[in-house]
2 protein chains.
Amino acid sequence: MNDHPKRPLTLRDVSEASGVSEMTVSRVLRNKGDVSAATREKVLRSAKQLGYVPNKIAGALASQRVNLVGVIIPSMANMVFPEVMTGISRTLEDSDLQPVVGITDYLPEKEEKVLYEMLSWRPSGVIIAGLEHSDASRAMLHAAGIPVVEIMDVDGQPIDSMVGISHRTAGRKMGEAIVAAGYKRIAFLGTKMPLDHRARKRFEGFTQALAKGGIEVADQEFYSGGSALAKGREMTQTVLERTPDLDFIYYSNDMIGAGGLLYLLEKGIDVPGKIGLAGFNGVELLQGLPMKLATMDACRFEIGQKAAEIILAQSCEGGLVASQAIEMAPMISPGDTLRSHL
Amino acid sequence: MNDHPKRPLTLRDVSEASGVSEMTVSRVLRNKGDVSAATREKVLRSAKQLGYVPNKIAGALASQRVNLVGVIIPSMANMVFPEVMTGISRTLEDSDLQPVVGITDYLPEKEEKVLYEMLSWRPSGVIIAGLEHSDASRAMLHAAGIPVVEIMDVDGQPIDSMVGISHRTAGRKMGEAIVAAGYKRIAFLGTKMPLDHRARKRFEGFTQALAKGGIEVADQEFYSGGSALAKGREMTQTVLERTPDLDFIYYSNDMIGAGGLLYLLEKGIDVPGKIGLAGFNGVELLQGLPMKLATMDACRFEIGQKAAEIILAQSCEGGLVASQAIEMAPMISPGDTLRSHL
DNA sequence: ATGAAAGCGCTAACAT
DNA sequence: ATGTTAGCGCTTTCAT
């Protein structure tokens, strides 16, 4: 049956049921202030029996405190942000703060809208992916007067605090490792990058490292949408047909790298003898592949953790805690697809 | 710099800046009631210039309306719930309702806690995974007096509405297809099931179908945690060493199935000639595998969509719209790993 | 088309 | 240890 009849219960209902003032009931339910054990018992019993659930809307308005942390990220569909979320949740778990997620789909306009919605709930802090935001978004974040942590990236100017890795450095380091290993004919496969600033920065650092070794990217290919694993296959096939003498492919994420790896193994191509491969992110999925893809850990869990810690510190100590800019140092894990020397 | 100084702006600030009453400002910002074009202009300009973001806390308290829909699911780490979320988001997108997610990690106590938190925000509706909940959770959902849609599963009694598939039927159908294809020595690999009711129901339907064909499960193995792809590999190896004459393995999800498939292909074992395989869910990832795993689509997107539609209908039309019980019919996709006859 | 008053359900601050 | 009062920032309702 579809019956949603009863008026939601209020403090007053509990107050009447237990014969105690609303104020005392409120105190019991929040473990605030002194209440005698007897009264506490009585109140708790009444509340539970009635099935009372406090109204946080009213509580928040009265106390001017909302125990929510807005987390604004581009997507949940890949392996990267779920792990950031895990870091955030774990850290917030034993505080009274709660993460609330908004998704932008890598669209600045949507980011703006999601941010607006989020801020209209007056959260205690905001964790937001990336350093690139519209002017309006930056203005809102400034005006909100709450701690803001921009995560994932440190190549740029933060609004308040930031925690992440330098994607330019990440791309450069991988480029250097590839050059040092003696690869010469190197391709780059990735997402279409106009809106993925971090992938773009990795690409920039990468080409820069190659340039230092006197090497230019031999081929490149970009995709958007679809199954990343399948796209990795397709694109690998495409570039190899177009540029058969490639000896290395750098993928902008592990999923397409895994697709490429499966494709090459299936074709019986010697990896990393004939062709070396590397991805980015260090996703758990790679553990199950026939061969371990070279990758670079993006410190996703730690980033989430650190960001949450900053929010926590600032929302407790008030204005006493300074903003922070934390750069993590991602490590290359060579796996089995990047030979270490000639 | 870490400066969070300014008091958040209020309607009053906009009112003063534009020389119009708070009431009129409110009307402009909500497109409600008649306001002259001139006034509207003036107000909008002031609001934008100040960077005013409305306070939904106050608005919700005053209007007794919260445009939030609570979505309570066990996990985001697998491929199943993100797609349900997509279905929900897409449907809610052009309404004024917004999904807010809570994660239970398959733990009843956590579900209870998350639900309590959620309901304390007085959402317009709740979408919650599964039909099994603690007494307290059921009581809260009843008392909330809002539309509730239980999703994923229809094997049980809903609190209000439900949308899903019958996992018992799903398991049975797959069992029947496997028996019909002439497989005899059949193993089941999956998660430890005490808390995953849907996996358990599939297993029950499955064994029942085998029994009808006079077959008993030849071996079984369960896991928890870790990389599903890697676990799929390990478990496949384990059961094959223990029971070498297996000719079919039914996996409780596609990820471990994919791991098993990769393992077998690597070993050069003939799939589906020597061993057939099937998974469950119909995840996109399978598109990128060397061979298409047999699976069964769980209608995840559609379930999310339908659930959101029900909430939408009920929160608009009030009590006029009846509860619904909707059963989707999942289809087997045989892929390349389940031969269709002897 | 605009404004004034009342109050949503709670909590801070001040009694007692 | 418990109660009373006065809002929190909006929207509803009723004037004008």
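Since the structure is predicted, the reported quantities are computational estimates derived from the model, not experimental observations.
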Exercise. Assign each of Gly33(B) and Leu61(B) to its nearest nucleotide of DNA chain C by heavy atoms, then name whichever residue's nucleotide is nearer the 5' end.
Key: Gly33(B)

Quiz prompt | Start and end of the DNA chain D segment that chain A contacts, any atom under 4.0 Å from a heavy atom | solution = dA1(D) to dG9(D)

Quick one: list whatever passes side-chain contact (heavy atoms from CB on, under 4.5 Å) with [X], sequence neighbours left out.
| X | result |
| --- | --- |
| Phe301(B) | Glu83(B), Thr86(B), Arg90(B), Gln305(B) |
| Met328(B) | Val163(B), Ile165(B), Cys299(B), Glu302(B), Ile303(B), Lys306(B), Ile326(B) |
| Pro99(A) | Val71(A), Met85(A), Ile88(A), Ser89(A), Leu92(A) |
| Glu109(A) | Leu107(A) |

Quiz item: Taking protein heavy atoms under 4.0 Å as touching, what does nucleotides 10-16 of chain C look like 5' to 3' if B marks base contact, S marks sugar-phosphate-only contact and - marks none?
Solution: BBB----

Practice problem: List for me each residue that meets side-chain hydrogen bond (donor to acceptor under 3.5 Å, both in side chains) alongside Thr39(B), sequence neighbours excluded, and say none if there are none. | Solution: Ser36(B)

Self-check item: Partner residues of His133(B) under the side-chain hydrogen bond (donor to acceptor under 3.5 Å, both in side chains) criterion, sequence neighbours left out
Solution: Glu111(B), Glu150(B)

side-chain hydrogen bond (donor to acceptor under 3.5 Å, both in side chains): which pairs involve [range], sequence neighbours left out?
| range | answer |
| --- | --- |
| residues 99-108 of chain A | Asp105(A)-Lys110(A) |
| residues 43-64 of chain B | Glu117(A)-Lys56(B) |
| residues 20-32 of chain B | Arg12(B)-Glu22(B), Ser21(B)-Thr24(B), Ser26(B)-Arg30(B), Asn31(B)-Arg40(B) |

Quiz item: Looking at DNA chain D, which of residues 34-50 of chain B put a heavy atom within less than 4.0 Å of it?
Solution: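 Result for residues 34-50 of chain B: none.
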
Practice problem: Check whether any side-chain nitrogen or oxygen of Thr24(B) sits under 4.0 Å from OP1 or OP2 of dG3(C), and answer yes or no. | Solution: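 Thr24(B) to dG3(C) OP1/OP2: side-chain N or O found under 4.0 Å.
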
Self-check item: Intermediate values then yes/no, side chain to side chain donor-acceptor pair (under 3.5 Å), Glu309(B) and Thr91(B)
Solution: CA-CA 7 Å; Glu309(B) 282 169 13; Thr91(B) 306; 4.9 Å; no

Quiz item: Please give, in whole Å, the distance from dG9(C) P to Asp13(A) CG?
Solution: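 Rounded to whole Å, this separation is 9 Å.
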
